[in-house]
J.: 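Mind having a look at this structure? Questions to follow.
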Amino acid sequence: MLTPYSSPVASCRTQMEIKKSLFIADIIPVHTTDDVESALAAIKKEFKDATHHCYAYRLGTTQIAEKSSDGGEPSGTAGHPMLHVLQGNELTNVLGIVTRYFGGIKLGAGGLARAYAGSLADTVKAAPLARYTPHNRMELTIPYSAVGSFEHYVEGTDIRVLDRAFSDKVKISFLCLPEKAEDHARVFTDMTAGKAQIEKIGEEYVPIRK
């Protein structure tokens, strides 16, 4: 059974200057540690002359794996505050990277923690986020005479039609919320006087933008 989760649907970047240091924060959707390593490598290549590359990530849904790195900053001043930002926003399958160009003024432990967490928090606010919600993938077969009633019924419901195939009958593939599947099946049965055939094919995520 799939577990709902929240994650960015695309990468996002913001930057801020604090006491002459430049902080560049990236939020990146990832699904594996390979994705994490590739994204980190790309950022380090893009900003190869930066002073620090600090990061935090969370992966998984039912069991979440998470890790953070201070990237050379004093222990606990960068990676862990960044991880708290991801946890506080209940995000997973996400990587946060904050790149710093040191401006010559030391911020102190508290100042660093606020700078790294604040930079990432601003990017989370700007990022396109979605709630990835499990849906049942269903296959419905109905007679031609019921097509109009079907189209009228699905308007305004959670049903997302994927495909329609026409032969001697009409076969429709659609997604719906698991808790609504039985109600829809009853409607289709009544709509066709018992002629509807409906089958669950599987499950998949549908991103619903926040």
Side-chain angles (χ1 to χ4, degrees), residues 1-18 21-103 107-135 137 202-210:
M1 180 178 293
L2 299 179
T3 303
Y5 69 93
S6 296
S7 184
V9 298
S11 298
C12 182
R13 173 179 292 170
T14 65
Q15 65 181 47
M16 66 170 62
E17 184 177 318
I18 302 173
S21 281
L22 179 63
F23 292 84
I24 303 169
D26 286 273
I27 282 286
I28 302 168
V30 290
H31 291 89
T32 66
T33 53
D34 285 343
D35 292 343
V36 171
E37 294 300 326
S38 294
L40 279 170
I43 293 294
K44 289 178 179 179
K45 182 178 180 181
E46 181 179 359
F47 303 112
K48 57 185 176 182
D49 56 341
T51 319
H52 302 280
H53 300 284
C54 308
Y55 68 86
Y57 69 78
R58 305 183 83 218
L59 297 173
T61 52
T62 53
Q63 292 185 327
I64 295 178
E66 52 189 24
K67 183 178 179 181
S68 64
S69 169
D70 293 309
E73 295 283 22
S75 179
T77 62
H80 205 57
M82 291 167 59
L83 183 58
H84 280 171
V85 171
L86 301 182
Q87 292 169 336
N89 285 276
E90 298 181 336
L91 299 179
T92 189
N93 291 338
V94 60
L95 168 65
I97 307 172
V98 178
T99 300
R100 181 190 184 191
Y101 283 89
F102 181 53
L107 302 182
L112 283 174
R114 288 189 293 273
Y116 279 101
S119 296
L120 191 61
D122 283 353
T123 311
V124 169
K125 289 178 183 177
L129 303 179
R131 183 70 172 171
Y132 285 79
T133 306
H135 279 59
R137 187 183 183 102
E203 288 183 303
E204 58 188 79
Y205 285 112
V206 172
I208 299 174
R209 291 289 292 268
K210 289 187 172 184

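When a residue number appears, it is its place in the shown sequence, counting from 1.
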J.: Which donor-acceptor pairs under 3.5 Å do the side chains of residues 40-50 make with protein atoms, sequence neighbours left out?
T.:
unit_1	atom_1	unit_2	atom_2	d
E46	OE1	R13	NH2	3.0
E46	OE2	R13	NH1	2.9
D49	OD1	Y101	OH	2.7

J.: Holding to side chain to side chain contact (heavy atoms under 4.5 Å, CB included), I want the full list of residues that pass it with T133, two or more places apart in sequence or in another chain.
T.: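 So T133 forms a side chain to side chain contact (heavy atoms under 4.5 Å, CB included) with R131, H135, L177, I208.
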J.: I'd like to check the side chain to side chain contact (heavy atoms under 4.5 Å, CB included) partners of T33; sequence neighbours left out, ordered by chain and number.
T.: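 Partners of T33 under the side chain to side chain contact (heavy atoms under 4.5 Å, CB included) test: Y57, L59.
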J.: If I take atom NZ from residue K125 and atom CG from residue L120, how far apart are they, to the nearest 0.5 angstrom?
T.: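 Answer rounded to 0.5 Å: 11.5 Å.
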J.: Sequence neighbours left out, what passes salt bridge (charged side-chain N to carboxylate O under 4.0 Å, His left out) with E204? Give chain and number order.
T.: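 Expected list: R137.
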J.: Over all heavy atoms of both residues, which pair between F23 and A115 is shortest? Give the atoms and the distance, please.
T.: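 Distance-wise, the nearest heavy atoms are CZ-CB, 3.7 Å.
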J.: Is it the case that the side chain of T99 and the backbone of H53 share a donor-acceptor pair, with hydrogens and angles ignored and the cut-off at 3.5 Å?
T.: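 Looks like no, no N/O pair under 3.5 Å.
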J.: Could you tell me which residues satisfy side chain to side chain donor-acceptor pair (under 3.5 Å) with S68, sequence neighbours excluded, listed by chain and number?
T.: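 So S68 forms no side chain to side chain donor-acceptor pair (under 3.5 Å) with any residue.
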J.: With side-chain hydrogen bond (donor to acceptor under 3.5 Å, both in side chains) as the rule and sequence neighbours excluded, what pairs involving residues 111-123 come up?
T.: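 side-chain hydrogen bond (donor to acceptor under 3.5 Å, both in side chains) check on residues 111-123 returns T14-T123, E73-Y116.
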J.: Would you check if the side chain of H52 reaches a backbone N or O of R100 as a donor-acceptor pair within less than 3.5 Å?
T.: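 Such a contact is absent between H52 side chain and R100 backbone.
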J.: Which heavy atom of L112 sits nearest to which heavy atom of P74, and what is that distance?
T.: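 Nearest pair, atom of L112 first, then P74: CD1-CD, 3.8 Å.
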J.: Per the salt bridge (Lys or Arg N to Asp or Glu O under 4.0 Å) rule, what does the pair list look like for residues 77-90, sequence neighbours excluded?
T.: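 Of all non-adjacent pairs touching residues 77-90, none passes salt bridge (Lys or Arg N to Asp or Glu O under 4.0 Å).
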J.: Nearest 0.5 Å, what's the OH-OG1 distance between Y132 and T61?
T.: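 It is 13.0 Å, given to the nearest 0.5 Å.
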J.: Evaluate the side-chain proximity of S69 to C54: yes if any heavy-atom separation is below 4.5 Å, no if none is.
T.: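 A side-chain contact is absent here, since even the closest heavy-atom pair is not under 4.5 Å.
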J.: Considering residues at least two apart in sequence or located in another chain, which fulfil the side chain to side chain contact (heavy atoms under 4.5 Å, CB included) criterion with A39?
T.: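 With neighbours one apart ignored, the set is I28, L95.
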J.: Is there side-chain contact between S7 and L91, with at least one heavy-atom pair below 4.5 Å?
T.: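 Not in contact.
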J.: Looking at side-chain heavy atoms only, is the closest gap between Y55 and K67 below 4.5 Å?
T.: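 A side-chain contact exists here, since the closest heavy-atom pair is under 4.5 Å.
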J.: With a cut-off of 6.0 Å (strictly less than), are more than 12 heavy atoms of other residues, nucleotides or ligands near CD of Q63?
T.: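 Check fails, neighbour count at 12 or below.
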J.: Taking all heavy atoms of G79 and all of A56, pick out the closest pair and write down the distance.
T.: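 Heavy-atom minimum between the residues: O-CB, 3.8 Å.
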J.: Quick one: CG on N89 to CG on L129, what's the gap to the nearest 0.5 Å?
T.: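 Those atoms lie 7.5 Å apart.
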J.: For E66, give me all partners under salt bridge (charged side-chain N to carboxylate O under 4.0 Å, His left out), at least two apart in sequence or on another chain.
T.: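 E66: salt bridge (charged side-chain N to carboxylate O under 4.0 Å, His left out) contacts with R58.
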J.: Please report the interatomic distance NE2(H31) to OG1(T92), rounded to the nearest 0.5 Å.
T.: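 Separation between the atoms: 9.0 Å.
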J.: Is the side chain of D26 donor-acceptor paired with the backbone N or O of V98 at a distance under 3.5 Å, no angle test?
T.: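 Not a single qualifying donor-acceptor pair exists.
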J.: Could you tell me which non-hydrogen atom of D70 sits nearest to which non-hydrogen atom of S75, and how far apart they are?
T.: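 The answer is OD2-CA, 3.4 Å.
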J.: Looking only at non-hydrogen atoms, find the nearest pair between L86 and G96 and report the distance.
T.: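 Result for this residue pair: CD1-N, 4.4 Å.
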J.: Can you name the ring-ring contact (aromatic ring centres under 6.0 Å, His included) partners of H80, sequence neighbours left out?
T.: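 H80 satisfies ring-ring contact (aromatic ring centres under 6.0 Å, His included) with H84 only.
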J.: Not counting sequence neighbours, which residues clear side chain to side chain contact (heavy atoms under 4.5 Å, CB included) with P134? List them please.
T.: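 In terms of side chain to side chain contact (heavy atoms under 4.5 Å, CB included), with neighbours along the sequence ignored, P134 is linked to L2, P4, Y205.
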J.: Filter on salt bridge (Lys or Arg N to Asp or Glu O under 4.0 Å), then keep only pairs touching residues 29-38, sequence neighbours left out; what's left?
T.: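 For residues 29-38, and leaving out neighbouring residues, there are no salt bridge (Lys or Arg N to Asp or Glu O under 4.0 Å) pairs at all.
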